[in-house]
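Beneath this line is the structure, given in C-alpha cells, with notes to follow.
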Number of protein chains: 2
Amino acid sequence: MEILHAAARVFRRRGVAAAGMREIAEEAGLSPGNLYHYFSGKDEILLFCQERTLERMHAAVQAAKGPAAERLRMVLRAHVHCMLDELEGATAHLDVESLPPKLRAPMIDKRDAYERAVRAIVAAGVKNREFARCDASLVTRAMLGAVNWTARWYRPDGPQMPDEIADALSEYLVKGLA
Amino acid sequence: MEILHAAARVFRRRGVAAAGMREIAEEAGLSPGNLYHYFSGKDEILLFCQERTLERMHAAVQAAKGPAAERLRMVLRAHVHCMLDELEGATAHLDVESLPPKLRAPMIDKRDAYERAVRAIVAAGVKNREFARCDASLVTRAMLGAVNWTARWYRPDGPQMPDEIADALSEYLVKGLA
DNA sequence: CTAGAATTCGAACGATGGTTCAAGTTTTGA
DNA sequence: TCAAAACTTGAACCATCGTTCGAATTCTAG
C-alpha cells in the first residue's frame, strides 16, 4: 500500500506525534478526508506500519540457521536493514507508546516475542560455550538498542550504505559475547 | 529547580510531544499559567532539561582518567546513571528534534561534541593497540544507542538496580573492542 | 448508456494544547 | 506599617489536530 509508505516517511521525518494527517495525505497525494476511506484513523495507520516491520523481523529470526553467532549476526543485519532500507522501520519498536492501549497491547506482545527470540539465541550460544557467560537479557537489550539507534543517526546521503552499517555493527555486537 | 524535575518526570512518562503544560504544572504543584513566570514556554523547559543532562555527561568525560578501556567504562557507566538515576536523562539525547530550530542547533552542537569526545576515547584505544581496529564512529554510535536505549526498558521496580545495569552494560560494550 | 458503487474532495466540527492576561495574593524591604 | 515587587491563579484565546460529512466525481458492470 502506497499510503503506508508515505505515512512512514512522514512519521520518520517529523516523529509520530508531530506527524499530521494533513501532511500524510499530502505526502500520499490525496486529500485529508480521503485517508479515512482506507484507514479508520491515524492509529490504524501507525499500527499497520509497525506490524509490517515487526513481521519482517520475525521472519528474519525464523530464517536464521547455523551456530548462534552466525544466527545472531543474521538477525541483527536484517534488523538494521529493516531500519534503514526502506524508510519504514523506524516506527516499529520506536513509538509503541503512541498507540492507544487497545492496539498497543498486542503490539507489545509481538515486540516482546521478538526480543525473547533474540535472547534465546544469545542464551543458546552461552549454553554451548560459543559465548562467554553473560546476562542474556541485558545484552539482548543492548544489541537491540544499538541497532534501533541507527534510525536516529543514519542519513541516506552519508558515507556508509545500510549494508556496510549492518555488517560492521553486527560484527561488533557479536564480538562482545566471545 | 523543582519544576525541571517535575517536567522531566512528565516528559518521561508521556513522551515529550504528549506532555502537556497542564500536566507539568500539576506535577510541579502550581497552576498552568504560573509556569510562564519561570520559563518562556515548553520549549525552554525542555531545553533546560536537556542541557542539564548533557553537561553532566560532559563532566563525566572530563573526569575519566586512565587507559582507554577504563575511561570508556567510566563514561558509559555515568551515561547510564544519567539515564536512570534521576528521571531526567531520557529527554537529553532522545528528543532533540522536539526543539524549535533556534534552540535545537546549539543543543545538537553540544550533543555532537559529546559524541566526538567518546569517539576520541575509542580512537585513542585503537591507536595504542588497547582495542582492535574498528570503525570508531560506528562503534561509538552503537555504544551510545545501547546506553540511551536503557531509558526505554528500565523500570524502577525491575530486578536490577541502575548500578548493576551500568556495570554489566559498559563491560559488554567495551569487551567488543578487544 | 446508465445506474449503482467506489472514490475523492475540502469545508466544518469538536477537542486539545500552548499561551496570554487581568486580577488577586503573598513576600520583601525600608 | 505599607507600598512595591514578586508570585499565583484560572479563565479565555487562538492555532492546530483528528475526524466527520454531504456532495461531486470517477469507475464498473450489465
Side-chain angles (χ1 to χ4, degrees), chain A residues 1-52 88 90-92 94-107, chain B residues 1-52 88 90-92 94-107:
Chain A
M1 182 69 78
E2 177 50 39
I3 299 179
L4 289 180
H5 284 67
R9 284 194 295 273
V10 179
F11 284 151
R12 170 116 157 202
R13 185 163 60 226
R14 304 270 183 235
V16 170
M21 292 298 269
R22 289 164 179 84
E23 188 171 355
I24 294 176
E26 191 186 9
E27 178 88 19
L30 37 75
S31 74
N34 199 14
L35 277 180
Y36 291 81
H37 250 250
Y38 299 94
F39 301 97
S40 72
K42 185 181 175 182
D43 295 331
E44 194 178 85
I45 296 183
L46 177 57
L47 179 73
F48 285 179
C49 283
Q50 297 187 344
E51 279 180 341
R52 227 182 95 94
E88 302 175 14
T91 52
L94 306 185
D95 278 286
V96 208
E97 309 295 326
S98 303
L99 288 173
K102 276 287 166 49
L103 301 178
R104 194 190 313 160
M107 198 63 213
Chain B
M1 181 70 76
E2 177 50 38
I3 299 180
L4 289 180
H5 284 67
R9 283 194 295 273
V10 180
F11 284 151
R12 171 117 159 202
R13 185 164 59 226
R14 304 270 183 238
V16 169
M21 292 296 271
R22 290 165 178 82
E23 189 171 354
I24 294 176
E26 191 186 9
E27 178 88 22
L30 37 75
S31 75
N34 199 13
L35 278 178
Y36 291 82
H37 251 253
Y38 299 94
F39 302 97
S40 72
K42 186 181 173 181
D43 296 330
E44 196 177 84
I45 296 182
L46 176 58
L47 179 73
F48 285 179
C49 283
Q50 297 186 344
E51 280 181 338
R52 226 182 95 95
E88 302 175 13
T91 53
L94 306 184
D95 278 288
V96 207
E97 310 295 325
S98 302
L99 287 173
K102 278 286 167 48
L103 301 178
R104 194 190 313 160
M107 198 62 214

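Chain identifiers are assigned alphabetically (A, B, ...) following the order of the sequence lines, protein sequences preceding nucleic acid strands; residue numbering begins at 1 within each chain.
Comparing C:dA12, C:dG18, C:dG10 against the side chain of A:Ser31 picks out C:dG10 as the nearest.
In this structure the side chain of B:Pro32 reaches within 4.5 angstrom of the side chain of B:Arg22, judged on heavy atoms. No side-chain heavy atom of A:Leu94 sits less than 4.5 Å from a side-chain heavy atom of A:Val16. Residues B:Ile24 and B:Phe11 have side chains in contact (heavy-atom distance under 4.5 Å, counting atoms from C-beta outward).
Bounding nucleotides for the chain A contact on DNA chain D, 5' to 3', at a heavy-atom distance below 4.0 Å, are D:dC17 to D:dT20.
Put simply, NE2 on B:His37 is 16 Å from P on C:dT25, counting in whole angstrom units. To the nearest angstrom, P of C:dG10 lies 16 Å from CE of A:Met21. If you measure from atom NZ of A:Lys42 to atom P of C:dA15, you get 19 Å, rounded to the nearest angstrom.
When all heavy atoms of A:Val96 and A:Met107 are compared, the closest pair comes out as CG1-CG, 3.9 Å.
Under the 4.0 Å criterion applied to side-chain N and carboxylate O atoms, A:Arg9 and A:Glu2 are assigned as salt-bridge partners.
Contact check, A:Asn34 against C:dC9: a side-chain N or O comes under 4.0 Å of OP1 or OP2.
At least one donor-acceptor pair closer than 3.5 Å links the side chain of A:Gln50 to the backbone N or O of A:Thr91.
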